Amino acid sequence: QVRLEESGGGSVQTGGSLRLSCAVSGSTEGIYCMGWFRQAPGKEREPVAAIDSEGHTVYPDSVKGRFIISQDNAVKSLSLQMISLQPDDTAMYYCAADCDGWGVQGGQLRADFSYWGQGTQVTVSS
């Protein structure tokens with residue numbers, strides 16, 4: 001069982017930055033990839049970043065160049081640095097773990113995760 005706890009959400013103005021953090025606990029042995037996804041009210045879940053055990057990263061076009069995912073295996077943590085935030089980035093953001101792989105289709109990232117946390121709210125005002 002993997003437990004994930006996010007922190008770092010908040011409210012910023014357009015163009016602002018936030019850094020989300022995720023504390024990982026429990027058994028992570030064998031987990032191939034981790035990532036972040038977001039979900040806004042009335043919208044589908046959207047993966048926004050993923051990283052595999054070798055450090056390879058992937059992003060959808062909607063956040064590429066603005067979001068950076070990183071992990072620290074020594075302390076079991078995952079981070080998401082977000083810059084140039086836009087109102088469309090407003091959503092609940094979830095740290096997630098354990099996917100079999102990922103794909104990018106039509107600029108969208110596809111990744112299914114087995115575990116995720118409670119989420120942290122990010123609100124970007126214009």
Side-chain angles (χ1 to χ4, degrees):
Q1 186 76 15
V2 178
R3 291 175 294 278
L4 306 160
E5 184 173 357
E6 305 91 341
S7 61
S11 297
V12 297
Q13 293 187 327
T14 297
S17 302
L18 282 173
R19 183 179 180 87
L20 306 183
S21 297
C22 175
V24 183
S25 60
S27 176
T28 58
E29 184 176 351
I31 288 182
Y32 170 72
C33 77
M34 300 185 67
W36 294 85
F37 66 85
R38 66 187 180 188
Q39 189 162 23
K43 294 188 177 181
E44 292 186 357
R45 180 182 297 183
E46 179 189 13
V48 294
I51 185 167
D52 69 15
S53 57
E54 297 179 351
H56 300 116
T57 60
V58 64
Y59 308 90
D61 287 353
S62 59
V63 308
K64 191 177 294 182
R66 300 189 299 120
F67 289 13
I68 297 176
I69 187 173
S70 60
Q71 63 185 359
D72 187 332
N73 293 325
V75 297
K76 284 191 172 182
S77 68
L78 191 70
S79 298
L80 185 68
Q81 178 69 48
M82 305 183 294
I83 66 171
S84 299
L85 285 163
Q86 303 297 316
D88 284 347
D89 295 317
T90 296
M92 187 72 80
Y93 283 71
Y94 298 85
C95 173
D98 195 12
C99 73
D100 291 333
W102 60 61
V104 178
Q105 185 175 17
Q108 294 183 330
L109 174 60
R110 305 294 185 185
D112 292 322
F113 298 97
S114 300
Y115 305 97
W116 52 90
Q118 295 296 310
T120 185
Q121 179 67 36
V122 172
T123 302
V124 185
S125 58
S126 57

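Every value quoted in this text rests on a predicted model; they were computed, and no experiment measured them. One-based numbering along the sequence shown. All heavy atoms count here, side chains included; hydrogens, waters and symmetry mates do not.
Using the six-membered ring where Trp is involved, F37 and Y94 have ring planes that are parallel, under 30° apart on the 30 and 60° scheme.
Taking CG from L78 and CD from Q71, the interatomic distance works out to 6.5 Å, rounded to the nearest 0.5 Å. Summarising the geometry, atom SG belonging to C33 is positioned 8.0 Å from atom CG belonging to D100; distances are rounded to the nearest 0.5 Å. The structure places CZ of F67 at 14.0 Å from OG1 of T57, a figure rounded to the nearest 0.5 Å. Distance check, rounded to the nearest 0.5 Å: CG of D98 to CD1 of I31 gives 5.0 Å. To the nearest 0.5 Å, the span separating CD on E5 from SG on C95 amounts to 10.0 Å.
Using a 4.5 Å cut-off on side-chain heavy atoms (C-beta onward), M34 and V24 make contact. Side-chain contact between R45 and F113 is absent, with no heavy-atom pair separated by less than 4.5 Å.
Contact between W102 and L109 at its shortest, heavy atoms only, is CB-CD1, 4.0 Å. Of all heavy-atom pairs between A97 and L4, the closest is N-CD1, 3.9 Å. Pairing each heavy atom of P47 with each of P60, the nearest pair is O-CG, 3.5 Å. Contact between G35 and I69 at its shortest, heavy atoms only, is CA-CD1, 3.8 Å. Contact record, S84 with S17: N-OG, 4.4 Å, taken as the closest heavy-atom pair. The two residues A91 and A40 have their closest heavy-atom pair at CB-N, 3.9 Å.
Residues satisfying the side chain to side chain donor-acceptor pair (under 3.5 Å) criterion with S62, sequence neighbours excluded, are E46. Listed by chain and number, the residues in a side chain to side chain donor-acceptor pair (under 3.5 Å) with Y93 are R38 (sequence neighbours excluded). For the side chain to side chain donor-acceptor pair (under 3.5 Å) test, residues two or more places apart in sequence or in another chain that qualify with Q81 are R19. Qualifying salt bridge (Lys or Arg N to Asp or Glu O under 4.0 Å) partners for D112, counting only residues two or more places apart in sequence or in other chains: none.
Pairs of residues two or more places apart, or lying in two chains, that qualify as salt bridge (charged side-chain N to carboxylate O under 4.0 Å, His left out) and include a residue from residues 54-67 are D61-K64, R66-D89. Listed by first and then second residue, the salt bridge (charged side-chain N to carboxylate O under 4.0 Å, His left out) pairs involving residues 116-126 amount to none (not counting sequence neighbours).
Remark: side-chain polar atoms of T14 are paired, donor with acceptor, to backbone N or O of S125 under 3.5 angstrom. No donor-acceptor distance shorter than 3.5 angstrom exists from the side chain of Q39 to the backbone of M92, with no hydrogens or angles considered. Of the possible donor and acceptor atoms, one in the side chain of E6 sits under 3.5 Å from a partner among the backbone N and O of Q118. Judged by distance alone, with hydrogens and angles left aside, the side-chain atoms of Q121 form no donor-acceptor pair with the main-chain N or O of T90 at under 3.5 Å.
Hydrophobic cluster membership differs between I51 and V104, with clusters built from Ile, Leu, Val, Met, Phe, Trp and Tyr side chains linked at under 4.5 angstrom. V58 and W116 are members of different hydrophobic clusters when ILVMFWY side chains are connected at heavy-atom separations under 4.5 Å.
For Q86, the CD atom sits in a packed shell: over 12 heavy atoms of surrounding residues, nucleotides or ligands are nearer than 6.0 Å.
For the residue pair Q1/R3, the side-chain donor-acceptor check at 3.5 Å is not satisfied.
For the side-chain contact (heavy atoms from CB on, under 4.5 Å) with M82, the lone residue among I68, V48, L18 that qualifies is L18.
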